[in-house]
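The structure appears right after this line, and notes come after that.
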Amino acid sequence: MSPPATSCRGHASRWVRLALSALCFALGALHLGAMAAYAQTKGYCTVTDVEVVQLSNAVRITLKADGALRVEVDEVSAWEQSEEGGWQMKKFDVIEFRLPNARSNLGSFVDISAYPISYLKLAIPLESQEGIGLECGLVLYRPAVYGRVRADNYRSGGRWLRGDVQVDIEKADNGRELYLTVTSGKHVDLTELEKKPKPKHLERRLSVKKGASGRLSVHALNADLREALKQISEQSGVALVVDNAVTSNLSCHLTDMELDPLLQRLARACGLVVARQQDTYYASDGVPTSVASYWLSSTETIPLHYLTATEALPLLPDYILRYVHSNKAGNALVATGPPELLQKLRADIAKVDKRGMGIRVRSVLVEFHNGTDAERTLKALVATGNTEASLDSADADVRFAVLRDRLSAVQAEMKWRRRGSKTTMYVNPTVRVRSGETAEVFFGQKLYFKFTREGWRGPEVIIESTDIGVRLRATPWGAKRDYIMVPLTLEASSLVSVGAGGLPTVATRRAYATLALKSGQTVIVGGLRVRQSGRSRQRTALAMMLGPLGRSTQRNVIERKALILLQVDAVS
């Protein structure tokens with residue numbers, strides 16, 4: 001009986017081994033499945049390429065991916081209040097957007113260097129899971145506004161231009177491409193770019209010889225620069241390390257030169273940086289695109305005295321912009337490159353960073369208590385010209401006229417004519433600005449109003465103020481005294497009425513104009529109407545008998561017509 005029992009135990013142990021193997025296989029499969037499931041918890045695509053195309057008045061950047069991109073743009077506060085009191089588009093130095101389902105195959109920095117774009121940065125946020133997600137920023141040389149945005153979470157703007165520099169963000173219909181179109185006021189003639197001759201097969205010659213005195217002679221025509229430097233190293237017997245970024249051609253005719261002047265001459269001609277450490281020379285491309293070229297380059301701060309960093313950058317050629325960045329906090333330019341380039345850049349900046357022409361703005365407000373005096377005075381002032389003028393502001397027209405006399409002569413005539421008439425003349429202090437700066441003049445008064453409103457604790461007494469009068473903003477600019485351009489903003493605020501609760505009703509009218517004046521000319525601005533609130537007391541015979549109880553006080557609105565005299569002078 002013992003053999004069958006032994007056979008049974010062997011059979012059972014075989015089934016146990018099979019069960020354990022199946023269990024291990026199932027656990028392994030479950031573990032592999034769990035790993036696969038973990039690796040695929042979040043799908044992503046990869047940004048594989050960036051394409052830059054120059055348009056006539058814009059630069060278009062195309063981000064390409066191997067899958068469907070998701071593009072998100074935070075809802076930005078695109079509008080802000082201007083100094084003139086109106087609203088204008090808010091400008092940004094960096095236009096930001098997100099690619100939450102993408103990774104970058106291009107690194108974190110993509111050099112664009114096409115005005116007005118400096119570079120594109122791609123960063124992985126700290127809260128990113130599995131390294132998926134990119135926070136992108138388009139860094140600009142000049143501040144820009146958001147234009148047409150077509151993202152997955154935000155849509156705004158149309159086809160029209162919204163600022164001097166505008167960035168449109170649009171995802172393609174296939175979802176694999178993202179278009180960034182940066183429009184600026186700079187025009188590029190594309191026909192001239194197309195006319196550039198295509199490279200043809202060039203004749204190549206290279207000769208490097210060492211004379212009896214140890215001096216070198218180099219004769220090259222369209223020769224490979226790396227090969228020329230290699231032969232110079234062999235002929236001179238010194239170690240010369242050349243960076244891989246050096247790939248240009250060389251054409252030169254240099255005879256009987258020492259090694260150091262020869263290398264410096266080649267570096268200046270080919271845009272290289274050559275440095276010497278002990279007995280070894282190092283040559284690298286002047287553009288710091290690698291650690292080697294950055295190590296050999298120099299960095300210098302060029303301070304600006306009259307221009308701002310934003311104003312100075314557009315004055316430089318486009319191919320120089322990759323060397324230069326702005327330091328707005330210090331109002332300076334920071335440049336990195338070969339010493340010869342920095343020296344030339346410093347000299348060019350000194351030529352354009354000049355003090356602008358000083359401009360003096362003087363203004364006088366003349367207020368008339370009746371329309372007859374206003375019409376008579378205006379006709380007398382413009383009698384020598386053929387300029388139409390009117391002080392009737394019922395149709396909201398504002399008229400401008402240029403007088404041949406200086407402001408002092410016009411003022412004297414106004415004082416003479418003011419005798420016997422109800423006319424008030426307000427002379428404002430002279431404002432002196434630099435070309436391009438804004439001068440602001442205000443004629444009027446600040447009125448305070450008290451009213452009550454309901455708050456969460458009950459009635460609250462509020463005191464608010466408002467400016468009633470005429471505000472003039474002028475931004476004169478020019479390079480010579482012949483003509484000074486004067487963009488003008490005229491704002492007239494009138495108090496229409498005051499409600500029973502103390503709340504005022506203020507009417508504000510604005511007019512915009514740009515005048516071309518000679519230094520010393522006087523401009524007359526007519527068509528203004530100033531209305532303000534006043535109080536009057538009435539006392540009758542009965543009121544005199546009743547004493548203080550018989551006094552009645554009422555609020556009325558006083559309307560007066562006015563004109564402004566403005567003179568712009570160029571000063572040193």
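- Nearest heavy atoms, P116 versus V165: CG-CG1, 3.9 Å.
- Within the 3.5 Å criterion, the main-chain N or O of R70 finds a donor-acceptor partner in the side chain of N101.
- S113 has its side chain out of reach of L321: every pair of non-hydrogen atoms, C-beta onward, lies at least 4.5 Å apart.
- Using a 4.5 Å cut-off on side-chain heavy atoms (C-beta onward), S326 and T310 make no contact.
- Of the possible polar contacts, one joining the R226 side chain to the D243 backbone as a donor-acceptor pair under 3.5 Å is found.
- Side chains of T438 and T475: a donor-acceptor N/O pair is present below 3.5 angstrom, by distance only.
- Crowding of D279 atom CG: a count of heavy atoms from other residues, nucleotides or ligands under 6.0 Å not exceeding 12.
- Here the shortest heavy-atom pairing between L250 and C270 reads CD1-SG, 3.8 Å.
- Between the side chain of S217 and the main chain of D256, a donor-acceptor pair closer than 3.5 Å is present.
- Under a cut-off of 6.0 angstrom, the local environment of CD in Q343 is sparse, with at most 12 non-hydrogen atoms contributed by other residues, nucleotides or ligands.
- Using modelled atom types, no side-chain atom of R355 and backbone atom of M357 make a donor-acceptor pair closer than 3.5 Å.
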Report the C-alpha distance between T336 and T299 in whole Å, list the side-chain angles of each, state the deciding distance to 0.1 Å, and finish with yes or no for side-chain hydrogen bond (donor to acceptor under 3.5 Å, both in side chains). CA-CA 4 Å; T336 302; T299 300; 3.1 Å; yes
Go through it in stages, so that I can follow the logic: the residues are L488 and T514, the test is side-chain contact (heavy atoms from CB on, under 4.5 Å), and I'd like the CA-CA distance, side-chain angles, deciding distance and then a yes or no. CA-CA 6 Å; L488 205 62; T514 300; over 6 Å; no
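- Panel note: side chain N331, backbone L307; a donor-acceptor pair is recorded below 3.5 Å.
- Using a 4.0 Å cut-off between a side-chain N of Lys or Arg and a carboxylate O of Asp or Glu, R150 and D168 do not qualify as a salt bridge.
- Taking every heavy atom of both residues into account, V274 and A283 meet most closely at CG2-CB, 4.2 Å.
- Of the possible polar contacts, none joining the K64 side chain to the E51 backbone as a donor-acceptor pair under 3.5 Å is found.
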Apply side-chain hydrogen bond (donor to acceptor under 3.5 Å, both in side chains) to residues Y281 and D260 and explain how you reach the verdict. CA-CA 10 Å; Y281 289 85; D260 285 348; 2.4 Å; yes
Before giving the answer on side-chain contact (heavy atoms from CB on, under 4.5 Å), spell out for V53 and T62 the whole-Å C-alpha distance, their side-chain angles and the decisive distance to 0.1 Å. CA-CA 8 Å; V53 177; T62 304; 5.8 Å; no
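- Here the CG-CG distance, from L63 to L122, works out to 7.0 Å after rounding to the nearest 0.5 Å.
- Put simply, the side chain of M257 does not reach to within 4.5 Å of the side chain of L216, judged on heavy atoms.
- Side-chain atoms of Q567 come within 3.5 Å of backbone N or O of L407 as a donor-acceptor pair.
- Summarising the local packing, CD1 of I124 is surrounded by 12 or fewer heavy atoms from other residues, nucleotides or ligands at distances under 6.0 Å.
- For K210 against Q235, the heavy-atom pair with the smallest separation is CD-O, 3.2 Å.
- The aromatic rings of H325 and Y119 lie perpendicular to each other, with more than 60° between the two planes, well past the 30° mark.
- L316 has its side chain within reach of I349: a pair of non-hydrogen atoms, C-beta onward, lies under 4.5 Å apart.
- Remark: R215 engages E258 in a salt bridge, criterion side-chain N to carboxylate O under 4.0 Å.
- In plain terms, the two heavy atoms of Y146 and V73 that are nearest each other are CE2-CG1, 4.1 Å.
- Using a 4.5 Å heavy-atom cutoff, the side chains of L566 and L515 are not in contact.
- Within the 4.5 Å cutoff, side-chain heavy atoms of D152 are placed close to those of K171.
- Side-chain atoms of S233 never come within 3.5 Å of backbone atoms of A239 as a donor-acceptor pair (strictly under, hydrogens ignored).
- I112 CD1 to L140 CG: the interatomic distance, rounded to the nearest 0.5 Å, is 10.5 Å.
- Between the NZ atom of K518 and the OH atom of Y483 there is a distance of 4.5 Å, given to the nearest 0.5 Å.
- Pairing each heavy atom of V431 with each of A439, the nearest pair is CG1-CB, 3.5 Å.
- Between the OH atom in Y512 and the CG atom in L490 there is a gap of 10.5 Å [rounded to 0.5 Å].
- S118 OG to Y141 OH: the interatomic distance, rounded to the nearest 0.5 Å, is 4.0 Å.
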Run L99 and L178 through side-chain contact (heavy atoms from CB on, under 4.5 Å) and show every step you take. CA-CA 10 Å; L99 305 176; L178 176 64; 4.2 Å; yes
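- Between R276 and L263, the closest side-chain pair of non-hydrogen atoms is not below 4.5 Å.
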Steps toward side-chain contact (heavy atoms from CB on, under 4.5 Å) verdict (T522, R362): CA-CA 9 Å; T522 303; R362 298 179 59 200; over 6 Å; no
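- Around atom NZ of K328, more than 12 heavy atoms belonging to other residues, nucleotides or ligands sit under 6.0 Å away.
- Separation of atoms CD (Q521) and CG (D569) is listed at 10.5 Å; rounding is to 0.5 Å.
- Atom NZ of K91 sits in a sparse spot, with 12 or fewer heavy atoms from other residues, nucleotides or ligands closer than 6.0 Å.
- Side-chain atoms of S207 do not come within 3.5 Å of backbone N or O of H219 as any donor-acceptor pair.
- At least one donor-acceptor pair closer than 3.5 Å links the side chain of R176 to the backbone N or O of D66.
- Contact check for R142 versus P314: side-chain heavy atoms found under the 4.5 Å cut-off.
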